[in-house]
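Worksheet: one structure, shown below.
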Amino acid sequence: MKSIRRKVHMETFYRILVFLHIFSAIVGIGPGFVLTTITKFAKTLPQIRYAHFVKLKVHVLVMVGGTIVLLTGLTMGALKPVLFQQGWYLTSMILYLIGLALGPTLLKKHSRAIKEILDDPSLEELPPEYYESSRKLLKLEYLVNTALIIVIILMITKPF
């Protein structure tokens, strides 16, 4: 009887984890797809500065949600170790970790360069370095978004 109750409790806990995982993906990863467009439509220097400010604030949601997605995904794997034998799970995990690793490395490098340019109070016109860093950052963000779309597709379809 105790083992049946324990199994029911574990299944309930697992379902809660799945809910948190999906909810965190929507709240945390979803806004990440918008980050690429926030600065695209800004044309004037004040608009561009404000767009980058908003992007930074939205990024906090992405970081928190993305961390919860990772933790719940790993916890689900720990509860059901068979997941670590599933190709879709392993591929998703690898792609997610690659995307996650790009944040504090290459994405941060180009974001920091843009921030340094925009923080100059005497700036009246954007230098070519802004456009170069912005273009590189956008390409990397598209790469991360593509990886995340593949992860989402794998999580939904579980093809292998």
Side-chain angles (χ1 to χ4, degrees), residues 1-42 48-116 118 133-160:
M1 195 65 165
K2 284 184 181 182
S3 69
I4 292 172
R5 270 195 230 132
R6 185 177 174 339
K7 192 172 186 176
V8 169
H9 286 9
M10 289 306 286
E11 191 58 37
T12 302
F13 180 62
Y14 189 84
R15 287 182 182 182
I16 291 169
L17 282 174
V18 170
F19 174 82
L20 286 172
H21 189 73
I22 294 169
F23 187 77
S24 297
I26 293 167
V27 172
I29 295 174
F33 293 115
V34 177
L35 289 178
T36 56
T37 60
I38 290 175
T39 56
K40 263 187 182 178
F41 301 107
I48 290 169
R49 281 185 167 134
Y50 187 70
H52 281 280
F53 170 79
V54 169
K55 191 174 178 177
L56 181 66
K57 296 301 179 190
V58 171
H59 188 257
V60 172
L61 279 175
V62 174
M63 288 180 5
V64 171
T67 301
I68 294 171
V69 166
L70 178 64
L71 294 175
T72 55
L74 288 171
T75 305
M76 288 185 291
L79 291 175
K80 293 191 177 184
V82 70
L83 288 174
F84 288 104
Q85 298 170 1
Q86 304 293 312
W88 64 268
Y89 182 87
L90 291 173
T91 304
S92 295
M93 196 59 69
I94 291 166
L95 288 173
Y96 194 80
L97 291 172
I98 289 170
L100 205 59
L102 286 174
T105 57
L106 295 175
L107 290 170
K108 187 173 184 174
K109 172 186 169 188
H110 296 297
S111 294
R112 187 181 306 127
I114 291 168
K115 184 179 178 341
E116 287 174 7
L118 295 177
S133 288
S134 187
R135 184 180 50 76
K136 288 177 182 177
L137 179 62
L138 190 60
K139 282 183 178 181
L140 287 167
E141 288 174 340
Y142 283 145
L143 178 67
V144 170
N145 285 353
T146 301
L148 289 174
I149 288 169
I150 293 168
V151 167
I152 291 168
I153 290 169
L154 289 171
M155 291 282 162
I156 293 169
T157 62
K158 298 172 179 58
F160 54 92

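Bear in mind the structure is a predicted one, so any value in this text is a computation, not a measurement.
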Quick one: does [X]'s side chain get under 4.5 Å of [Y]'s, heavy atoms only?
X: Lys139; Y: His110; result: no
X: Leu154; Y: Phe160; result: yes
X: Leu97; Y: Leu70; result: yes
X: Met93; Y: Tyr89; result: yes

Kindly compute the distance separating [atom1] ([X]) from [atom2] ([Y]), expressed to the nearest 0.5 Å.
X: Ile38; Y: Leu56; atom1: CD1; atom2: CG; value: 10.5 Å
X: Leu137; Y: Lys109; atom1: CG; atom2: NZ; value: 11.5 Å
X: Leu138; Y: Asn145; atom1: CG; atom2: CG; value: 9.0 Å
X: Arg15; Y: Met76; atom1: CZ; atom2: CE; value: 13.5 Å
X: His21; Y: Thr72; atom1: NE2; atom2: OG1; value: 5.0 Å
X: Ile114; Y: His52; atom1: CD1; atom2: NE2; value: 5.0 Å

Taking all non-hydrogen atoms of both residues into account, name the closest pair between Phe84 and Leu90 and its distance.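 Closest approach of Phe84 to Leu90: O-CD1, 3.1 Å.
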Of the non-hydrogen atoms in Gly99 and Val144, which two are nearest, and what is the gap between them? O-CG2, 4.2 Å
Qualifying residues under ring-ring contact (aromatic ring centres under 6.0 Å, His included), relative to Phe53, sequence neighbours excluded: Tyr50
Counterpart residues, side-chain hydrogen bond (donor to acceptor under 3.5 Å, both in side chains), relative to Tyr142 (two or more places apart): Lys40
Within 6.0 Å of OH in Tyr14, more than 12 heavy atoms from elsewhere: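 Yes - once you tally the heavy atoms of other residues, nucleotides and ligands closer than 6.0 Å, there are more than 12.
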For residues 22-37, tabulate all N or O donor-acceptor pairs below 3.5 Å that involve a side-chain atom, not counting sequence neighbours.
residue	atom	partner	partner atom	Å
Ser24	OG	Leu20	O	2.7
Thr36	OG1	Phe33	O	3.2
Thr37	OG1	Val34	O	2.9

Lys158 (side chain) donor-acceptor with Met155 (main chain) under 3.5 angstrom: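 Judged by distance alone, yes, a pair lies under 3.5 Å.
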I'd like to know whether Tyr96 forms a side chain to side chain contact (heavy atoms under 4.5 Å, CB included) with Ile150, so could you lay out the CA-CA distance, the side-chain angles of the two residues, the decisive distance to 0.1 Å, and finally the verdict. CA-CA 9 Å; Tyr96 194 80; Ile150 293 168; over 6 Å; no
